[in-house]
2 protein chains.
Amino acid sequence: MSESDTTREKIIAAARERFSHYGYPKTTIAELADDCAMSPGNIYRFFKGKIDIAVEIARREALSAVEVIEAVLDCPVRSSRQRLEEVVFADLRYTFHLLENRPKTLELAQIVVSDRPQFQIESLRRERRVFQRILHEGQASGEFFIENVASTTIALHAATTKYRYAQLFTNQTLAELERELAHVMTVILRGLMPSKDGKPLAETTIPSEETAPLASAS
Amino acid sequence: MSESDTTREKIIAAARERFSHYGYPKTTIAELADDCAMSPGNIYRFFKGKIDIAVEIARREALSAVEVIEAVLDCPVRSSRQRLEEVVFADLRYTFHLLENRPKTLELAQIVVSDRPQFQIESLRRERRVFQRILHEGQASGEFFIENVASTTIALHAATTKYRYAQLFTNQTLAELERELAHVMTVILRGLMPSKDGKPLAETTIPSEETAPLASAS
DNA sequence: AAAATGAACAATCAATAAATTATTCACTAA
DNA sequence: TTAGTGAATAATTTATTGATTGTTCATTTT
């Protein structure tokens, strides 16, 4: 058990090395086998296929990313507001630097997601859980006024979508993105705070679709 | 002048037809020339290259999309809040239906953007201008409390990024996206409204980067 | 002149063949 | 029994070629 575990780890280590240097497609099973001083066939006793090695690496990468974000929760802060700000900015900075310094990580993630869509869904869910904890704390302490923590978490997460994998959408610099994110957080936080008179603004309801059906085939 | 203008329009019409039916790559200049009863060479008296025909079509598409959104501004509404809600949902619905009914439109847009990055920047800017007008109105009437309309517009636009070209990010249904967007707008609108005691929450400032440099090459 | 042509050329694409690679499995070693 | 092998095969990628397409331009038509 422990024996086969270390063998498995050896494969993962070799793969991490090659994937990040040469990329997933240009790394061959034969090369990994060589690195581990074993035959290609033996790799398949530990992984069902090449893609599964990538999945395992990406899974660990995603988990450690959430850990980095979660680490911010351990820092002492004045308020839930500050906690939320710290986490959101940490998220932006972490993914920005990751894509900047190790571009192959993005490539690997895209390959994994295109083969395993569920992977992305679960990664995002883990990330949201961190947000949810902060909102919950803020609600409990009375600092935030939140009618429904679950749906507000989703809203917060959606509103900051642009700042995860920002390089996919824009070629703004990190400084620009930070400035922009600060404005987004200003609006959102004002929206999370209780109004002094205790009467929160009514929720947005989905407007009815009035306009004629557009975009018919030309 | 008018003569060559109608010829140009004939080419655009033929291209619109073929691009939306068979796609940009599978449409040949020879076919367009045939459709217009002219020789391939003559097309080049009106467009510098094939891609420029696509750019012109995409430009018009983008303009008419903004017009659709702007049309919402003409409907009488009770409040700036309602106006903003209508516009944001109209945007989601328009682009959602567009990509659903005419998927080649997305393909064309992506081809144009990859060749002319400026195209996307300008399209987004036009869209933001609509948002900005509403925020400005709301500020003038006192309905919204906004310190800086320009940066708040950018924030609003960024926070709703997910709902433009939503199909690129998720495979949620329109109904799911609408429900989610309603929550996002709830938070944002609460953030835009003036607090009763007149003292708005301080703006978010960019937190200092405390964590050690992460994501060094492995 | 201005508008248009169509053959000529260069660039790109599609189809196929060749080479490489992922995966399996009957087998050997510990 | 468990760990590992490596040749055989299936799947994928890469290279090569021929065909198609985008673009130009000397020439013709209006």
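Within every chain, numbering begins at 1; the chains are lettered A, B, ... in the order of the sequence lines, protein sequences first and strands thereafter. Not measured: the values here are computed from a predicted model.
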Short N-O contact, [X] and [Y], less than 4.0 angstrom:
| X | Y | answer |
| --- | --- | --- |
| A/Arg164 | A/Glu127 | yes |
| B/Asp52 | B/Arg116 | yes |
| B/Glu56 | B/Arg59 | yes |
| B/Arg126 | B/Glu122 | no |
| B/Asp115 | B/Lys50 | no |
| B/Glu61 | B/Arg102 | yes |

Send over the distance from [X] [atom1] to [N] [atom2], rounded to a whole Å.
| X | N | atom1 | atom2 | answer |
| --- | --- | --- | --- | --- |
| A/Met38 | D/dT2 | CE | P | 18 Å |
| B/Asp5 | C/dA3 | CG | C1' | 15 Å |
| B/Arg8 | C/dA2 | CZ | C1' | 18 Å |
| A/Asp34 | C/dT21 | CG | P | 12 Å |
| B/Arg45 | D/dT28 | CZ | C1' | 14 Å |
| A/Leu32 | D/dG6 | CG | C1' | 17 Å |
| A/Phe46 | C/dT23 | CZ | C1' | 16 Å |
| B/Tyr24 | D/dT21 | OH | P | 14 Å |

Would you say the side chains of [X] and [Y] form a donor-acceptor pair under 3.5 Å?
| X | Y | value |
| --- | --- | --- |
| B/Gln167 | B/Glu100 | no |
| B/Gln132 | B/His136 | no |
| A/Glu178 | A/Tyr163 | no |
| A/Glu31 | A/Tyr22 | no |

[X] side-chain proximity, nearest of [options]:
| X | options | value |
| --- | --- | --- |
| A/Pro40 | D/dT23, C/dA4, C/dT23 | C/dT23 |
| B/Ile29 | C/dT23, C/dA4, D/dT23 | D/dT23 |
| A/Thr7 | D/dG4, D/dT5, C/dT5 | D/dG4 |

| request: Output the residues of residues 48-61 of chain B in contact with DNA chain D, where contact means a heavy atom of the residue under 4.0 Å from an atom of the strand; sort by number or write none. | output: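 Per residue number, the list reads B/Gly49, B/Lys50.
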
| If you pin A/Glu31 and B/Ser39 to their nearest nucleotides in DNA chain C, which one's is more 5'? |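 The residue closer to the strand's 5' end, by nearest nucleotide, is B/Ser39.
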
| said: Return a single string for nucleotides 25-30 of chain C, one symbol per nucleotide in 5' to 3' order, where B is base contact, S is sugar-phosphate-only contact and - is none, cutoff 4.0 angstrom on heavy atoms. | reply: B-----

| note | The contact string for nucleotides 11-20 of chain D, one letter per nucleotide 5' to 3', using protein heavy atoms under 4.0 Å with B, S and - for base, sugar-phosphate only and none, comes out as ----------

| task | Would you check if the side chain of A/Arg83 reaches a backbone N or O of A/Cys75 as a donor-acceptor pair within less than 3.5 Å? | result |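 Indeed, once roles are kept as given, a pair shorter than 3.5 Å links the two residues.
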
| query | Is the A/Phe89-A/Phe96 ring centre distance short of 6.0 angstrom? | reply |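 Not under 6.0 Å, so no.
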
